[in-house]
Amino acid sequence: MESRMLLLIRHLLLFLCFTYSLERCSSTGVFRVQRKFSGQRQSIADLRAHDVRRHDRILLGSGAVDLPLGGLGLPTATGLYYAQIGIGNPSKSYYVQVDTGSDMLWVNCITCRFCPKKSDLGIELTLYDPKTSVSGSVVSCKGSFCSSTYGGDIPGCSTDMPCEYKVQYGDGSSTSGFFTSDSLQYDQVSGNHQTKAANSTIIFGCGTQQSGDLGSSSEALDGILGFGQSNTSMLLQLASAGKVRKIFAHCLDTINGGGIFAIGNVVQPKVKTTPLVQDTSHYNVILKSIEVGGSSSKLQTDTFQTGDMKTIIDSGTTLAYLPEEVFKPLMNKIFSYQPDLNFQTIQNFLCFQFFGSIDDAFPKITFIFEDSLELLIYPSDYFFENGDSILCTGFQNSALQSRDGKDIFLLGDLVLSNKLVVYDLENQVIGWTDYNCSSSIKIEDDKTGAIYIVDAQNISSARSLDIKGTFITLVQMTCIMLIIIFY
């Protein structure tokens, strides 16, 4: 009798988690975001190859339909992050990569050619079919969304034709499809440590054809959830509907796993900010100088003597990439602290054997941005383990990684993890602070003024239902939460 009662509760909660009211409300919301490759060991050469493919797209430029490829994680299980969301009515679950370097939500469509049928991640892939959702509809190329996305009327368009997109990436992969409108489901924060069901109608991509790595079953997901600044992004669609602030934050925990990803006004902890560079496709900031081991030891390079350095902040990239004129003197300065090391090359990564505390043996690095915002990077951040007592450097020479990437300066999860990073698009600033991403943050409901405590999550060992949080975990991986503040 008891087991039947538990089964009934489980089915009821499953129903509640994926059946949502369309009513607008003033509380906060969440949906699950999980870390890719938790506990899985990947080739570090594949890791860099993923980042190179991203750089090809950055250098080609990106617009409203810039869709990234899936990525790989570090051998130490530092990796990309993906969310389990619900789409449609009735709702179906989809796993989409969370990425600040792209703009739109996109999932594979039922009519897709060469879409992966299975994933090496051990998750069940789902193809989206707008015909099976009572709230789903194809977006016409005659509609205002299509004309605003492409900057005018579409040649040859008729009312019964969909609004299409096609993207060719720098590595030769491509994706194409059409835009559709449907209900997006997630959990909504209703109080301290509490959530309830919520949804909103958004426009997203329905992918019908993939080529190259996008069609591979290796590390396959159902799609991408982009947090870029384009009007096609989920964030800006919700903001234009008056449902959210154009502010989001992430705190990715590589020490204990998990973390938080939030949309809305984070009131605690406070962060210092630096201006975003205007009219750029990605989140760019101005780097003014680099300090090695303290304020008295600035890195001497012509880069900062001839002008400021634009730096891309991208959670979809794993490592950190520096221009050659910065990379070489920085490496020389770092290794001057341990001049007797014996180096070896492992899959083109500079590695060495070391015993002892790396944070005591090597210097801290401080990147100083416009308005004196500092990014402190510890040795345990810029080195990663690759076997017993073998350390490899996560700083990479961008001139060697991409055919056109000589001057690219890009900071990925390697240096952004274990920090609360806030993107304030209303004021066009970005900021961060060192933070324990296993702890809590406080977020504000701008309509009611209520402030809620939101805890980090780590359910890497769970496949069960968390009744208190009213959410479901379907795969056994490290998890973070995506918080949405409504007003």
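Taking Phe145 as the reference, Phe179 meet the ring pair (Phe, Tyr, Trp, His ring centres under 6.0 Å) condition, with sequence neighbours excluded. Taking Asp381 as the reference, nothing meets the side chain to side chain donor-acceptor pair (under 3.5 Å) condition, with sequence neighbours excluded. Residues satisfying the ring pair (Phe, Tyr, Trp, His ring centres under 6.0 Å) criterion with Tyr283, sequence neighbours excluded, are Tyr423. Every residue two or more places apart in sequence or in another chain that forms a side chain to side chain contact (heavy atoms under 4.5 Å, CB included) with Ser133 is listed here: Asn89, Ser135, Asp182. Ser233 pairs by the side chain to side chain contact (heavy atoms under 4.5 Å, CB included) definition with Leu235, Leu236, not counting sequence neighbours. Applying the side chain to side chain donor-acceptor pair (under 3.5 Å) rule to Tyr94 yields no partners; only residues at least two apart in sequence or on another chain are considered. Partners of Lys117 according to the side chain to side chain contact (heavy atoms under 4.5 Å, CB included) rule, which considers only residues two or more places apart in sequence or in another chain, are Leu127. Scored by the side chain to side chain donor-acceptor pair (under 3.5 Å) test, Gln209 finds no partners at all (sequence neighbours excluded). Evaluation of the ring pair (Phe, Tyr, Trp, His ring centres under 6.0 Å) rule for Tyr435 yields no partner, not counting sequence neighbours. Partners of Met161 under the side chain to side chain contact (heavy atoms under 4.5 Å, CB included) rule, at least two apart in sequence or in another chain, are Cys141, Ser158. For Phe204, the ring pair (Phe, Tyr, Trp, His ring centres under 6.0 Å) criterion is met by Tyr128, not counting sequence neighbours. Considering only residues two or more places apart in sequence or on other chains, Gln428 meets the side chain to side chain donor-acceptor pair (under 3.5 Å) condition with Gln229, Gln278.
A pairwise comparison of heavy atoms in Thr208 and Gly177 identifies OG1-CA, 3.4 Å as the closest pair. In terms of heavy-atom proximity, Thr180 sits nearest to Pro130 at OG1-CB, 3.9 Å. Nearest heavy-atom pair, Ser181 versus Thr201, reported as atom, atom and distance to 0.1 Å: OG-CG2, 3.3 Å. Heavy-atom minimum distance, Gly228 versus Asp103: CA-OD1, 3.1 Å. Between Leu105 and Ile85, the shortest heavy-atom distance links the atoms CD1-CD1, 4.1 Å. Listed here is the closest heavy atom pair of Asn108 and Pro116: ND2-CD, 4.1 Å.
Ile430 places a side-chain heavy atom less than 4.5 Å from the side chain of Val421. The side-chain heavy atoms of Pro323 and Met309, taken from C-beta on, include a pair separated by under 4.5 Å. The shortest side-chain heavy-atom distance between Phe349 and Gln396 falls under the 4.5 Å cut-off. Side-chain contact between Met234 and Phe227 is present, with heavy atoms from C-beta onward closer than 4.5 Å. In this structure the side chain of Val107 reaches within 4.5 angstrom of the side chain of Ile87, judged on heavy atoms. Between Phe383 and Thr393, the closest side-chain pair of non-hydrogen atoms falls below 4.5 Å. Side-chain contact between Phe178 and Val139 is absent, with no heavy-atom pair separated by less than 4.5 Å. Using a 4.5 Å heavy-atom threshold, the side chains of Leu375 and Trp432 count as touching.
Once rounded to the nearest 0.5 Å, the distance linking CG of Leu411 with CG of Leu319 reads 11.5 Å. To the nearest 0.5 angstrom, Lys419 atom NZ is 11.0 Å from Leu252 atom CG. Rounding to the nearest 0.5 Å places CD1 of Ile260 at 6.0 Å from SG of Cys251. From Glu324, atom CD reaches atom OG of Ser398 across 8.5 Å, with rounding to the nearest 0.5 Å. Atom CD1 of Ile443 sits about 12.0 Å away from atom CD1 of Ile247, to the nearest 0.5 Å. Rounding to the nearest 0.5 Å places OH of Tyr165 at 7.0 Å from SG of Cys206.
No side-chain donor from either of Asp371 and Thr274 sits under 3.5 Å from a side-chain acceptor of the other.
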Q.
Is there a side-chain contact (heavy atoms from CB on, under 4.5 Å) between Thr311 and Ile286? Walk through the geometry before answering.
A. CA-CA 6 Å; Thr311 303; Ile286 297 297; over 6 Å; no
**side-chain contact (heavy atoms from CB on, under 4.5 Å) assessment of Leu330 paired with Leu322** = CA-CA 9 Å; Leu330 179 60; Leu322 315 179; 3.4 Å; yes
Problem - Verdict with reasoning, Ile203 to Gln237, per side-chain contact (heavy atoms from CB on, under 4.5 Å) - result: CA-CA 8 Å; Ile203 294 174; Gln237 287 188 59; 3.6 Å; yes
request  = Start with the C-alpha gap between Leu420 and Val422, add the side-chain angles, then the distance that decides, and say whether side-chain contact (heavy atoms from CB on, under 4.5 Å) holds.
outcome  = CA-CA 7 Å; Leu420 180 70; Val422 177; 4.2 Å; yes
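Between Phe409 and Tyr321, the distance from one ring center to the other does not fall under 6.0 angstrom.
Remark: side-chain polar atoms of Asp222 are paired, donor with acceptor, to backbone N or O of Tyr95 under 3.5 angstrom. At distances below 3.5 Å, not a single donor-acceptor pair connects side-chain atoms of Asp413 with backbone N or O atoms of Leu416. Between the side chain of Asp314 and the backbone N or O of Ile312, no donor-acceptor pair lies under 3.5 Å. Between the side chain of Ser147 and the backbone N or O of Ser144 there is at least one donor-acceptor pair closer than 3.5 Å. In this structure, the side chain of Asp129 engages the main chain of Lys131 through a donor-acceptor pair within 3.5 Å.
Lys288 and Glu370 are not joined by a salt bridge, as no carboxylate oxygen comes within less than 4.0 angstrom of a charged side-chain nitrogen.
Cys pair Cys146 and Cys157 fails the test of SG atoms under 2.5 Å apart. For the two cysteine residues Cys112 and Cys115, the thiol sulfurs sit under 2.5 Å apart.
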